[in-house]
Amino acid sequence: MDYPEHFSTGNDFSKLLPHLSPPRPKTTGEADGIAFLRLLEIVDHLRGEEGCPFDREQTVPRLLNDLREELHELQEAVEDKKHMAILSEIGDMVLILLFIRRILWEEKPISVAELLDHTSGKMVRRHPHVFLDPDPTIDKKTLWSNWEKEKRKEKEHEGRTSLLDGIPRTMSALERAFRQGQKAARTGFDWTEEEDVWEKVIEEVGELSEARSEGDDRLDHELGDLLLALTSYARHRGLRPEESLARANDRFSKRFRHMEEECRHLNRELSSLSPDEWDRLWENAKKTETSRSAENHGGGS
């Protein structure tokens, strides 16, 4: 792997930070550094000559898959508000990232200090309103404009020709659509009124309806346009469509599982249900979900 020249940021921020007042609240201490070094040494032992055969066979692509899975597990732990699970999942993600760093180090050595200093330098440069020329009243448009200007100065981003270049192609389609709209909006390319976005959604619904009588290519095109318009509307309403869809998936899962349970009580096979029976079970599942929600929010008796 080729890293940019002068990957380390040097001392462009090390002289600055000691002159700043301590962060409030300060969430770190000396024990953190010791614990971090201990984990680094454990990773080195596991990847070393006398380490674990499984860990020595690990690859970056495999670890990236593990990282994606751990991210989903962390999200569940956060949503369920399980403190120990959150602690465990964050730790697992840190461990995987350190394993990835170690494997890349075997190809071309790069120290953890270089990696962390590089990131620290970026954060200082991209937040001049905090570290260099404090301005707590800065508006969001100026903030994001300064952020993009600083990014374009960095060696690892010097080949970028578009504001959209930093959005990963591997991102989910809904989240990518949201991020593209978000970045374009920062330049002024956006609807000014929420109602205009909604009218665009209605327009795309009409075009999708027309496409139903045409070929799959047209239908595919119009379906994509509708989803894109919906992500724009969600953004204007302060919602993330990926999260909205995730919650809808959860609702569907709970309702379907409820219907399965009802079928077991009736000693019926799911495949034997008529359309009317499916509708009745679905409506019962929705009512059960509503009553449980009311109880959880103090609305039940």
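Positions are given from 1 along the sequence.
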Is E106 atom CD crowded by more than 12 heavy atoms from other residues, nucleotides or ligands, each under 6.0 Å away?
yes

Under a 4.5 Å side-chain heavy-atom rule over Ile, Leu, Val, Met, Phe, Trp and Tyr, are W144 and V130 clustered together?
no

Run the numbers on D135 and T137 for side chain to side chain donor-acceptor pair (under 3.5 Å), then give the verdict.
CA-CA 5 Å; D135 180 11; T137 64; 2.7 Å; yes

Applying salt bridge (charged side-chain N to carboxylate O under 4.0 Å, His left out), name anything that partners R264, two or more places apart in sequence or on another chain.
E261

Spacing of NZ belonging to K183 relative to CZ belonging to F178, to within rounding of 0.5 Å
13.0 Å

Any side-chain heavy-atom pair of F36 and L116 under 4.5 Å:
yes

Following the transitive rule for hydrophobic clusters with a side-chain heavy-atom cut-off under 4.5 Å over Ile, Leu, Val, Met, Phe, Trp and Tyr, establish whether L98 and L87 coincide in one cluster.
no

Dump the intermediate steps for side chain to side chain contact (heavy atoms under 4.5 Å, CB included) on M259 and W278, then the final yes or no.
CA-CA 8 Å; M259 292 192 297; W278 273 118; 3.8 Å; yes

As a quick check of understanding, evaluate side chain to side chain contact (heavy atoms under 4.5 Å, CB included) for K26 and T28, giving each step before the final call.
CA-CA 6 Å; K26 186 173 182 187; T28 58; 3.6 Å; yes

Locate the shortest heavy-atom distance separating R235 from A185; write the atom from each residue and the value.
NH1-CB, 3.6 Å

H236 ring center within less than 6.0 Å of W198 ring center:
no

Here the pair of heavy atoms bringing L74 nearest to I86 is CD1-O, 4.0 Å

Heavy-atom check, side chain of I103 versus side chain of T59, under 4.5 Å:
no

Heavy atoms, side chains only, cut-off 4.5 Å: are E150 and K122 in contact?
no

Considering the options H258, E262, E283, R255, which one meets the side chain to side chain contact (heavy atoms under 4.5 Å, CB included) requirement together with T288?
H258

Hey, any chance M93 and L104 share a hydrophobic cluster, counting ILVMFWY side chains that come within less than 4.5 Å of each other, even indirectly?
yes

Keeping R47 on the side-chain end and R102 on the backbone end, is there a donor-acceptor pair under 3.5 Å?
no

Should L40 and R101 count as side-chain neighbours, where that means a heavy-atom distance under 4.5 Å?
yes

Of all the heavy-atom pairs spanning A77 and E89, show the shortest one and how long it is.
CB-CG, 4.4 Å

Would you call K200 and Y233 a side-chain contact if the rule is heavy atoms closer than 4.5 Å?
no

Is the closest basic N to carboxylate O distance between E49 and R56 below 4.0 Å?
no

Any chain of hydrophobic side-chain contacts (each under 4.5 Å) joining V60 to L71?
yes

Check step by step if side chain to side chain donor-acceptor pair (under 3.5 Å) holds for D250 and S253.
CA-CA 5 Å; D250 287 342; S253 177; over 6 Å; no

Indicate the ring-plane relationship of F252 and F256, choosing parallel, tilted or perpendicular according to the 30° and 60° boundaries.
parallel

CG of D217: more than 12 outside heavy atoms within 6.0 angstrom?
no

Side chain to side chain contact (heavy atoms under 4.5 Å, CB included) evaluation trace for L230 with L174
CA-CA 10 Å; L230 283 169; L174 270 181; over 6 Å; no

From CZ (R247) to CD (E242), nearest 0.5 Å:
11.0 Å

When every non-hydrogen atom of L270 is compared with those of C263, the smallest separation belongs to CD2-SG, 3.6 Å

To the nearest 0.5 Å, what is the distance between SG on C52 and CD1 on I42?
13.0 Å

Pairing of E289 and K254 as salt bridge, 4.0 angstrom limit
no

Min side-chain heavy-atom separation H127-W147 under 4.5 Å:
yes

For H221 and D225, which I'm curious about, is there any donor-acceptor pair between the side chains at under 3.5 Å?
yes

Shared ILVMFWY cluster between L228 and L219, side chains joined below 4.5 angstrom?
no

What I'd like to find out is whether the side chain of E175 reaches to under 4.5 Å of the side chain of R240, using heavy atoms alone.
yes

Please tabulate, for side-chain N and O atoms in residues 61-69, each donor-acceptor pair with protein atoms closer than 3.5 Å (sequence neighbours left out).
from, atom 1, to, atom 2, distance (Å)
R62, NH1, E57, O, 3.0
N65, OD1, R68, NH1, 2.7

A211 to E222 - nearest heavy-atom pair and separation:
CB-CG, 3.9 Å

Proximity of W105 and F99 rings by center, below 6.0 Å:
no

Which value, rounded to the nearest 0.5 Å, describes the distance between L245 atom CG and L239 atom CG?
13.0 Å

Looking at every non-hydrogen atom in both residues, tell me the closest pair between R176 and P168 and how far apart they are.
CD-O, 4.2 Å

Verify the neighbour count for atom CG of D216: are there more than 12 heavy atoms of other residues, nucleotides or ligands below 6.0 Å?
no

Apply side chain to side chain contact (heavy atoms under 4.5 Å, CB included) to residues R251 and K286 and explain how you reach the verdict.
CA-CA 9 Å; R251 289 194 298 274; K286 286 174 66 176; over 6 Å; no

In Å and rounded to the nearest 0.5 Å, what is the CD1 to OG distance from I138 to S145?
9.0 Å

Counting only heavy atoms not in R268, do more than 12 sit closer than 6.0 Å to its CZ atom?
yes

Do R179 and M171 have side chains that get closer than 4.5 Å, going by heavy atoms?
yes

NE2/H118 to OG/S111 distance, rounded to the nearest 0.5 angstrom?
12.5 Å

